[in-house]
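These numbers come from the heavy atoms of this one structure, side chains and all, not from hydrogens, waters or symmetry mates. Counting starts at 1 for both ligands and their atoms, following the listed order.
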Amino acid sequence: MAVYTDINEDDLRQFLKAYDVGELLSYRGIAEGVENSNFLLHTEKFPLILTLYEKRVDEGDLPFYLGLMQHLADRGLSCPLPLARDDGEPYGRLCGRPAALISFLEGMWLRKPAATHCRELGVALARMHIAGQDFELTRKNALALRGWVDLWDKSAARADEVQKGLENEITEELASLEDRWPVDLPEGVIHADLFPDNVFFIGDKLSGVIDFYFACNDFLAYDLSICLNAWCFEKDGAFNVTKARALIEGYQSVRPLDKEEIEALPLLCRGSALRFFLTRLYDWLNTPAGALVVKKDPLEYLRYLRFHRSVETASEYGLERT
Ligand SMILES: Nc1ncnc2c1ncn2[C@@H]1O[C@H](COP(=O)(O)OP(=O)(O)O)[C@@H](O)[C@H]1O
Ligand SMILES: N[C@@H](CCOP(=O)(O)O)C(=O)O
């Protein structure tokens with residue numbers, strides 16, 4: 001459960017006075033998520049999500065995240081709409097934290113997505129990439145190569161506590177990615193954390209995308225590689241090429257990949273597997289005992305990383321040879 005900051009009712013009522021939402025009827029902490037504290041609110045007017053921004057969210061980035069949700073929603077993508085305060089500000093403060101209200105999205109995330117859902121995801125991801133092209137704000141990816149090195153510097157000395165040999169393996173992997181990372185692929189705004197728990201479905205139809213708090217500017221195909229990692233491995237660690245093919249076909253039905261993006265895919269998948277391995281490893285080693293959050297297993301992403309290292313061409317992800 002991710003509620004790092006507890007709120008009290010009086011403070012919440014005071015906070016809500018700045019919004020046109022009527023009286024608070026009820027509220028509760030949400031037992032999901034990792035990064036921020038989230039609450040579901042029922043007010044006289046509508047249900048809402050209240051987010052208190054925590055550790056990894058830099059307040060200076062809030063206009064980017066909230067503005068992006070507004071921008072994408074304006075272009076017909078189903079994502080939460082931030083609610084402006086009566087004074088026009090996009091967010092306020094609660095319990096010493098920046099805090100925003102966003103609209104509640106209907107739907108549920110899928111515990112066992114199938115290939116058909118992966119195809120829907122691919123379509124939505126490509127639409128998001130296209131809709132993001134004219135978003136006027138930019139944000140550098142803080143969890144790109146430089147960020148990976150910084151995270152690794154903070155964890156390397158203790159990595160072998162988690163699995164023997166990790167320190168050497170990851171040091172070598174980082175060096176190899178630093179040498180070979182692409183420099184010139186199509187870029188744009190990416191979601192950067194499009195895991196199943198951030199995509200809602202009603203029945204088999206994708207109903208919306210949430211959690212834009214890692215969104216940034218980076219290679220578009222890197223976002224696709226994040227989805228290949230997050231959606232296409234089975235619980236036993238096997239890569240499901242049928243899901244991967246469906247995801248990529250869905251994506252390409254809206255935005256065809258170019259030759260360079262296809263060639264780079266195995267490397268991008270290694271990079272995105274490493275990125276989630278590193279944040280999970282850092283959290284594994286540093287989350288205080290007793291925090292109301294379920295820590296995620298870094299070794300899951302080590303296995304994915306090793307798989308991608310064995311991939312020679314993107315045809316192994318179900319793509320036609322170029
Ligand atoms: N706009 C929304 N509509 C409905 N539920 C939401 C919305 N935003 C968040 N949630 C709920 O809160 C949970 C955590 O949100 P998320 O943004 O993923 O948190 P975090 O940034 O902490 O990872 C989600 O899994 C979902 O259940
Ligand atoms: N998706 C990341 C963790 C971030 O959590 P989210 O709840 O913000 O999606 C991971 O699985 O490591």
N or O contact, D211 vs ligand 1, cut-off under 3.5 Å: yes

If only side-chain N and O atoms count, and only distance matters, is there a donor-acceptor pair under 3.5 Å linking E187 with N217? no

Give the atom numbers and elements of ligand 1 that come within less than 4.0 Å of a heavy atom of I30. 11 (C), 12 (O), 13 (C)

Would you mind listing which atoms of ligand 1 come within a distance below 4.0 Å of any non-hydrogen atom of P80? 1 (N)

Co-members of the apolar cluster containing V254 [side chain, <4.5 Å]: V123, I130

Mutual orientation of the aromatic rings belonging to Y304 and F233 [parallel < 30°, tilted 30-60°, perpendicular > 60°]: parallel

Nearest non-hydrogen contact with atom 1 (N) of ligand 1 belongs to which option: S103, G29, S37? S103

For atom 15 (O) of ligand 1, which of the options L81, D197, N38 provides the nearest non-hydrogen atom? N38

If we number the atoms of ligand 1 from 1 as shown, the ones under 4.0 Å from a heavy atom of L105 are 1 (N), 2 (C), 3 (N), 4 (C)

More than 12 heavy atoms from other groups under 6.0 Å of CG on D87: yes

With a 6.0 Å cut-off on ring centres, are H191 and F212 close enough? yes

For ligand 1, find out whether one of its N or O atoms is nearer than 3.5 Å to an N or O atom of N198. yes

What I'd like to find out is whether the side chain of L50 reaches to under 4.5 Å of the side chain of Y27, using heavy atoms alone. no

Contact atoms of ligand 1, heavy-atom distance to F200 under 4.0 Å: 4 (C), 5 (N), 26 (C)

Starting from L105, walk the hydrophobic network (Ile, Leu, Val, Met, Phe, Trp, Tyr; side-chain heavy atoms closer than 4.5 Å) and list everyone else you reach, by chain and number. W109, F200, I210

Chain-and-number sorted residues having a heavy-atom contact under 4.0 Å with ligand 2 are G33, V34, E35, D193, F195, D197, N198, D211, F276, R280, K296

Under 4.0 Å between heavy atoms, the region of I102 that gets near ligand 1 turns out to be side chain

Taking atom types as modelled, is there a side-chain donor on T51 or N36 under 3.5 Å from an acceptor on the other? no

Side chains of residues 274-286: which donor-acceptor partners sit under 3.5 Å, not counting sequence neighbours?
from, atom 1, to, atom 2, distance (Å)
R275, NH1, T279, OG1, 2.8
T279, OG1, R275, O, 3.2
T279, OG1, F276, O, 3.3
R280, NH1, D297, O, 3.0
R280, NH1, E300, OE1, 2.9
D283, OD1, R56, NH2, 2.9
D283, OD2, R56, NH2, 3.2
N286, ND2, Y282, O, 2.7

Check: H71 ring centre within less than 6.0 Å of F64 ring centre: no

